[in-house]
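The structure under discussion appears below in the form of C-alpha cells.
Numbers restart at 1 for each chain; the letters A, B, ... are given by sequence-line order, proteins then strands. The figures that follow rest on heavy atoms only: side chains count, while hydrogens, waters and symmetry mates do not.
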Amino acid sequence: MAKEITGRTEDYSQWYIDIVKKANLADNSAVRGCMVIKPYGFAIWENIRDQLDRMFKETGHVNAYFPLFIPKSFLSKEAEHVEGFAKECAIVTHHRLMNAPDGSGVVVDPEARLEEELIVRPTSETIIWHTYKDWINSYRDLPLLINQWANVVRWELRTRLFLRTAEFLWQEGHTAHATKEEAMEETLRILDIYARFAEEYMAMPVIKGIKTANERFAGAEETFCIEALMQDGKALQAGTSHFLGQNFAKAFDVKFLNENNQEEFVWATSWGVSTRLMGGLIMTHSDDEGLVLPPKLAPTQVAIVPIPKPATEIDEVAQKIMNALKARGITCIYDTDMKKRPGFKFAEQELKGIPVRLAIGQRDLENGVVEVARRDTKEKTSVALDGVDRYVEDLLKDIQNSLFQRAKDFRTEKTFRVDTFDDFKSIIDEDIPGFVSAHWDGTTETELKIKELTKATIRCIPLENDPEEGVCILTGKPSSQRVLFAKAY
RNA sequence: CGGGAUGUAGCGCAGUCCGGUAGCGCACCUGCUUUGGGAGCAGGGGGCCCCAGGUUCAAAUCCUGGUAUCCCGACCA
C-alpha cells in the first residue's frame, strides 16, 4: 500500500534500496556518495558497535583516536599501500574561504594554500604507525593493542547505501607485537571475533579464509577475511584482519629493544569491519515485507499492540507484560498511537523488522491469552498471559537461532563443488549463483582470467580446508586444495 | 571514470513529442464515523517543475552546459 517494496525476485537491487529507505535506515544525502544514517539505522549500528567493542575490550584492546587528516607524505612511505589507495583519496588543499570579489558567494582563498596537502584518511595505518614510533621503545611497550572507531573516506565511483559509500563508519584495530608469531596469533584472534560476532549476533554464517595475493590489503603480507553469502547468491566480504609483517614498522622506522638489548622492527596487524555489515545484515535475512532483524541486534525486540486501540484494561496488562519483559532485559514498546489501526501497526512493525509482536484485545483478555507473532516466519500463536515473558524470552532465542540456521541452510544449498570449467561457468551464470569450490593453480594470472571470463573472483582460501589433489579448472595445472569462488559485492 | 535511464509537492507518477494559468494517487492538517492485517466520507494546506545559461511575446515543455540518483561496465570494504 503506502510503502510498497519491490519484490526480491523482481529486482534485488531495488528491493535492497527500498528496504534501506522504507525501514528508515538511511538515505542519500546532498553529498555525492555519502549517506545519512537515520536514527533507526544508527540504533542498529550502535548495537553492532557496542557488542564488538565489548569483544575487543575483553581481549585486551583499548580505544584511542587519531586524526582525520593524514599528511600526503605519510601515505607514500609504504609503496604498496599508497598504490592501493591513491586512486580514491579526498585531498585538502586549502584552509580558508573568502567572499567572491563579484559577490557571487564564497570561494577558496588562493592565498590559503596548504604547504603540504592533507589526505582525508582512507585508513589510518600511516598516521598511526608514525605515532607508534614515539610510543614504542622496549619490548615492555608491547604488545600495543589499540582500536579506533572512526569515519574514513574512499572516493568510490559507484556507491550503494551501506555496502559502498564514499564516507563510512568503521572500527580499525592497529596492533604492534614483539614477534611474528604473536602478531599472527592476534590476526587470527580478531578473525575469530569477527566470525563469532557475525554468526552469534548477526546470525550471518561466514567462511573464514585467506585472501589471494591479488585480493590482499595494500601493504599486508597476509589478509584474512570472513565471507558471507547474500540471498541473491553473491558474496560479501564482511570483515578483514591483516598480518602486516614488518612493512609498516620498516616504513615508519618503529623499532624496539628486545630482552637481549638488540634492536628489532616490530610486527603489526590491522583489522576492520564497517557499516557495510548493515548491508550484510539486511541481505541475509530480510524479505519482501521488510527488514528482518536478529533479536540480539534489534533496537526494539518486542512491540505490543492494543486491539483495536488503547483501553484501561488492555493498558494495564500491557504495562505488566512490559515490566516483566524489561526485567528479563528485553526491549519493548507499547504502540498506543490512536491514529493508526492495528493492521497498519502490524505492517509498520514488520517493515522495521521488530522480531516479536504481541497483540492484546478484549477477546484475548477474556481467554487469559495474548497473540504472539514472530517476524521471521510470520507465525501467530495464542500464549497464556501468565508466563508470556518467559515464552517471549525463549522465542527470541529461537528466532535468533533459526535465522542463523536458515541462512546456513541457504548457504549449504548454494555451495557447489565443481571440477570442470563448464560446470563452474554454468553455476556462476545462474540467477542466484552462490559459492563455488574449485581447484585453482595458484597464479594471479589464472585468477584474473577466470574473473574476466565469468565475473567470479576468489573470495578466499578457506581456513578449514582439507588438502586435496586436483587440477585447476581453467589451466589443468596441478592444485593442492580447493578455493572458494563467487560473484561478489 | 565509460555507456544507458531518470530528476515535476514528503513518496509514487501524469503532463514534455506539438511552448500558452502545474495535475493525479498516497502521505499530511481539520471534522465526523470507524478500529482483530495498511479505514470511509467531507473539507483543507503544501511547488524556484534538479541547477545555470540560451531561444521566444511566453519555457516543466525547445537548445547548451552542469548536477544528482538508479542500472550496466572498469575500480573497490
Quick one: is [N] close enough that its OP1 or OP2 comes under 4.0 Å of any side-chain N or O from [X]?
| X | N | result |
| --- | --- | --- |
| A/Lys22 | B/G10 | no |
| A/Ser13 | B/C71 | yes |
| A/Lys309 | B/U34 | no |
| A/Arg341 | B/A39 | yes |

When the [atom1] atoms of [N] and [M] are considered, how many whole Å apart are they?
| N | M | atom1 | result |
| --- | --- | --- | --- |
| B/C24 | B/A58 | P | 29 Å |
| B/A60 | B/U56 | C1' | 16 Å |
| B/U6 | B/C18 | C1' | 23 Å |
| B/C57 | B/G19 | C1' | 12 Å |
| B/G47 | B/A22 | P | 13 Å |
| B/G38 | B/C1 | P | 49 Å |
| B/A42 | B/U64 | C1' | 49 Å |
| B/G2 | B/G66 | P | 11 Å |

For [N], the Watson-Crick or wobble partner whose two distances fall under 3.5 Å:
| N | answer |
| --- | --- |
| B/U69 | B/A5 |
| B/C49 | none |
| B/U34 | none |
| B/C29 | B/G43 |
| B/A74 | none |
| B/C17 | none |
| B/A58 | none |

Between atom [atom1] in [X] and atom [atom2] in [N], what is the gap in whole Å?
| X | N | atom1 | atom2 | result |
| --- | --- | --- | --- | --- |
| A/Lys451 | B/G73 | NZ | P | 12 Å |
| A/Asn28 | B/U67 | CG | C1' | 14 Å |
| A/Arg158 | B/A5 | CZ | C1' | 13 Å |
| A/Asp18 | B/C70 | CG | C1' | 12 Å |
| A/Tyr489 | B/A74 | OH | C1' | 18 Å |
| A/Lys487 | B/A74 | NZ | P | 11 Å |
| A/Arg357 | B/G37 | CZ | P | 10 Å |
| A/Arg160 | B/C75 | CZ | P | 17 Å |

| task | Is it possible for you to check whether A/Arg411 lies under 6.0 Å from the centre of the six-membered ring of A/Phe435, through NZ or CZ, and within 45° of that ring's axis? | result | no
| Hey, does the Lys NZ or Arg CZ of A/Lys425 hover above the aromatic six-ring of A/Phe421, less than 6.0 Å from the centre and inside 45° of the axis? | no
Heavy-atom side-chain proximity of [X] to [Y] below 4.5 angstrom:
| X | Y | result |
| --- | --- | --- |
| A/Pro294 | A/Thr284 | no |
| A/Met283 | A/Leu163 | yes |
| A/Asp27 | A/Lys21 | yes |
| A/Met278 | A/Ile48 | yes |

| query | Would you say the side chain of A/Lys380 and the base of B/G37 hold a donor-acceptor pair, judged only by whether the two atoms sit under 3.5 Å apart? | reply | yes
| message | Under 3.5 Å, is there any donor-acceptor pair linking the side chain of A/Glu289 to the base of B/G38? | response | no
Using the side-chain heavy atoms of [X], tell me which of these nucleotides is nearest: [options].
| X | options | answer |
| --- | --- | --- |
| A/Arg363 | B/G36, B/G38, B/A77 | B/G36 |
| A/Ile307 | B/G36, B/G37, B/G73 | B/G36 |
| A/Phe344 | B/G38, B/C1, B/A77 | B/G38 |
| A/Glu350 | B/G38, B/G37, B/G73 | B/G37 |

For [X], which contact category applies under a 4.0 Å heavy-atom criterion: base, sugar-phosphate, or nothing?
| X | value |
| --- | --- |
| A/Lys339 | nothing |
| A/Gln237 | sugar-phosphate |
| A/Gly279 | nothing |
| A/Ile17 | sugar-phosphate |
| A/Thr165 | base |
| A/Asp364 | base |

| query | Is the A/Trp271 to A/His61 ring centre distance short of 6.0 Å? | reply | yes
| note | Judged by nearest nucleotide, the residue sitting upstream toward the 5' end of RNA chain B, A/Gly343 or A/Leu236, is A/Gly343
| note | 5'-most contact on RNA chain B (nearest-nucleotide basis), A/Glu167 vs A/Gln362, goes to A/Gln362
| query | Between the side chain of A/His81 and the main-chain N/O of A/Thr126, is any donor-acceptor distance below 3.5 Å? | reply | no
| field | A/Phe197 and A/Tyr201 aromatic ring geometry - parallel, tilted or perpendicular at 30°/60° bounds | value | parallel
